[in-house]
Amino acid sequence: MAVDTPVKTSAHLRRRAPSGAAPRRPGRRIWVKIVVALLLVVEIYPLVWMFLTSLKSNDDYLNNSTWSLPTTWQWGNYTEAWTTGNIGLYVQNSLLAVVPALALMLLLGTAAGFALQIMVWKGRSLTLLVFLAGMMVPPQMILLPLFTVYFQTGLSGTLWPLILTYTGTGLPLTVFMMATYYRSVPRELFEAATIDGAGILRAFWTISVPLVRNALLTVGLVQFFFIWNDLLIALTFTNDQDLRTVQVGLLNFTGDFGATQYGPLFAAICINVFGTLLIYLFLNQKVMKGLTSGAVKG
């Protein structure tokens, strides 16, 4: 006896939902899009408002509404901020303090992470705890002793107090993060290199550093934003106007009789904010790779 069975076409099979799969909810997608749109408005609108405010005159800022557009577009505010406001000098000082501190921090932190995770020696766990304890020391507690030391050693009046302080305060976090990334590096690579006759220095420079280059970029970018946006340490150790960094220089955007020049001030803030934002957008993908490289073993 023949039984007539319906033919299951491929389109019919594709339409069938897998067992146990939750049905799609179009309403959930709409809510997700709404939340993302709100987050974009919250993030982007302050940047747009800051840029428009940087193009206002002082009278326009004081007499008109805060949310109004500029009546006259004062593009000269950026020129005044760069020249008269010395924002160019402040950016130069920030780079001269941040770049050497960042290089020292990454070099020492990577070497310490390599020694704590790859090399085998007694007391390495205790040493890592000592570095972690350094993360719990508030920077405010060490400013006065450091100021005394820098003054007695003749380093005051230079950028060396900033370089040394940034390196010392950022080193504990750098060591901890690099030690975490080194945990994901297979130890068999270093064992094979040792069998082939490679020493510690060669294994560090030719094997470990290329393997953690994304992690170096990620840690370096995180520490860069920390020390670039620092105000407390820079305000404490820069007693000369020619040594002020960007954050300290923004506190002194005043004109005659102490009146704040809002147009050049917001122009200087835009130069600072959008410059660092471009750096992050340019290195965004490598930062994401660095964040995920230390999360998986092997």
Would you mind reporting whether W49 and F51 have side-chain heavy atoms less than 4.5 Å apart?
no
Atom CG in L211, atom OH in Y181: separation rounded to 0.5 Å?
14.5 Å
Y262 versus T53, side-chain donor and acceptor atoms under 3.5 Å
no
Testing the basics here: between A101 and I163, what is the closest heavy-atom pair and its distance to 0.1 Å?
CB-O, 3.7 Å
Atom pair CZ/CD1 of F190 and I200 - distance to nearest 0.5 Å:
9.5 Å
Tell me whether V137 shares a hydrophobic cluster with L144, the cluster being built from Ile, Leu, Val, Met, Phe, Trp, Tyr side chains joined at under 4.5 Å.
no
To the closest 0.5 Å, what do you measure between OG1 (T169) and CE (M135)?
12.0 Å
Can you confirm whether more than 12 heavy atoms, excluding those of W205, are under 6.0 Å from its CH2 atom?
no
Any donor-acceptor pair under 3.5 Å linking the side chain of D240 with the backbone of D242?
yes
Is it true that the side chains of N64 and D60 contain a donor and an acceptor less than 3.5 Å apart?
yes
Scanning both residues in full, the closest heavy-atom pair of K56 with Q74 reads C-CG, 3.9 Å
Hydrophobic cluster membership, V130 vs M178, 4.5 Å side-chain cutoff:
no
With the 4.5 Å side-chain cut-off for hydrophobic clustering, are F237 and V149 part of the same group?
no
Hey, mind stepping through Y90 and Q247 against side-chain contact (heavy atoms from CB on, under 4.5 Å) and telling me if it holds?
CA-CA 8 Å; Y90 300 151; Q247 310 305 328; over 6 Å; no
Check step by step if side-chain contact (heavy atoms from CB on, under 4.5 Å) holds for Y166 and L102.
CA-CA 8 Å; Y166 288 151; L102 197 61; over 6 Å; no
Looking only at heavy atoms, which two atoms of N77 and G263 are closest? And how far apart?
ND2-CA, 3.6 Å
Are P172 and V175 close enough that some pair of their side-chain heavy atoms sits under 4.5 Å apart?
no
Sidechain-backbone polar pair: D230 side chain, A234 backbone, donor-acceptor under 3.5 Å:
yes
A side-chain contact here means heavy atoms from C-beta on lying under 4.5 Å apart; do L217 and R213 qualify?
no
Scanning both residues in full, the closest heavy-atom pair of L243 with T238 reads O-CG2, 3.4 Å
Heavy-atom side-chain contact between M105 and Q223 under 4.5 Å:
yes
Quick one: closest heavy-atom pair of L47 and F274, and the distance?
O-CZ, 3.9 Å
Ignoring hydrogens and geometry beyond distance, is a side-chain donor-acceptor pair present between S54 and Y78 at under 3.5 Å?
yes
Report yes or no: does T110 contribute a side-chain atom to a donor-acceptor pair with the main-chain N or O of L107 at less than 3.5 Å?
no
Any donor-acceptor pair under 3.5 Å linking the side chain of W121 with the backbone of A115?
yes
Whether over 12 other heavy atoms sit under 6.0 Å from F225 CZ:
yes
Whether the side chain of Q117 engages the backbone of T180 through a donor-acceptor N/O pair (distance < 3.5 Å, no angle test) should be reported.
no
The reported gap from OG1 in T79 to CD1 in I87 (rounded to nearest 0.5 angstrom) is 13.5 Å
side-chain contact (heavy atoms from CB on, under 4.5 Å), that's the test. Do V209 and L216 meet it? Break it down for me.
CA-CA 8 Å; V209 172; L216 276 172; 4.2 Å; yes
Would you find more than 12 non-hydrogen atoms of other residues, nucleotides or ligands less than 6.0 Å from F147 atom CZ?
no
Checking the side chain of T276 only, and the main-chain atoms of V273 only, is there a donor and an acceptor separated by less than 3.5 Å?
yes
Can you tell if the side chain of L231 reaches within under 4.5 Å of the side chain of L250, non-hydrogen atoms only?
no
State, without any angle test, whether S94 and Q92 hold a side-chain donor-acceptor pair at a distance under 3.5 Å.
no
Could you tell me if the side chain of L235 sits less than 4.5 Å from the side chain of R244, heavy atoms only?
no
Between I279 and F224, is any pair of side-chain heavy atoms under 4.5 Å apart?
yes
Could you state whether L116 and L129 fall into the same hydrophobic cluster, counting links through intermediate Ile, Leu, Val, Met, Phe, Trp or Tyr residues with side-chain heavy atoms under 4.5 angstrom apart?
yes
Quick one: pull up CG in N93 and CD in Q241 and give me the separation to the nearest 0.5 Å.
10.5 Å
Are F131 and F176 an aromatic pair, judged by ring center distance below 6.0 Å?
no
Rounded to the nearest 0.5 Å, how far apart are CG of L106 and CG of L104?
9.5 Å
Shortest non-hydrogen contact from F266 to M50?
CD2-CG, 4.0 Å
In terms of relative ring orientation, are Y182 and F114 parallel, tilted or perpendicular, with 30° and 60° separating the classes?
perpendicular
Above 12 or not: heavy atoms from other molecules or residues under 6.0 Å from CZ of F226?
no
Looking at R124, I want to see if its CZ is surrounded by more than 12 non-hydrogen atoms of other residues, nucleotides or ligands under 6.0 Å.
yes
Quick one: which of V185, T218, V219 gives a side chain to side chain contact (heavy atoms under 4.5 Å, CB included) with V212?
V185
Can you get from M136 to L128 by hopping between Ile, Leu, Val, Met, Phe, Trp and Tyr side chains that sit under 4.5 Å apart?
no
Any Y150 side-chain heavy atom under 4.5 Å of L164 side chain:
yes
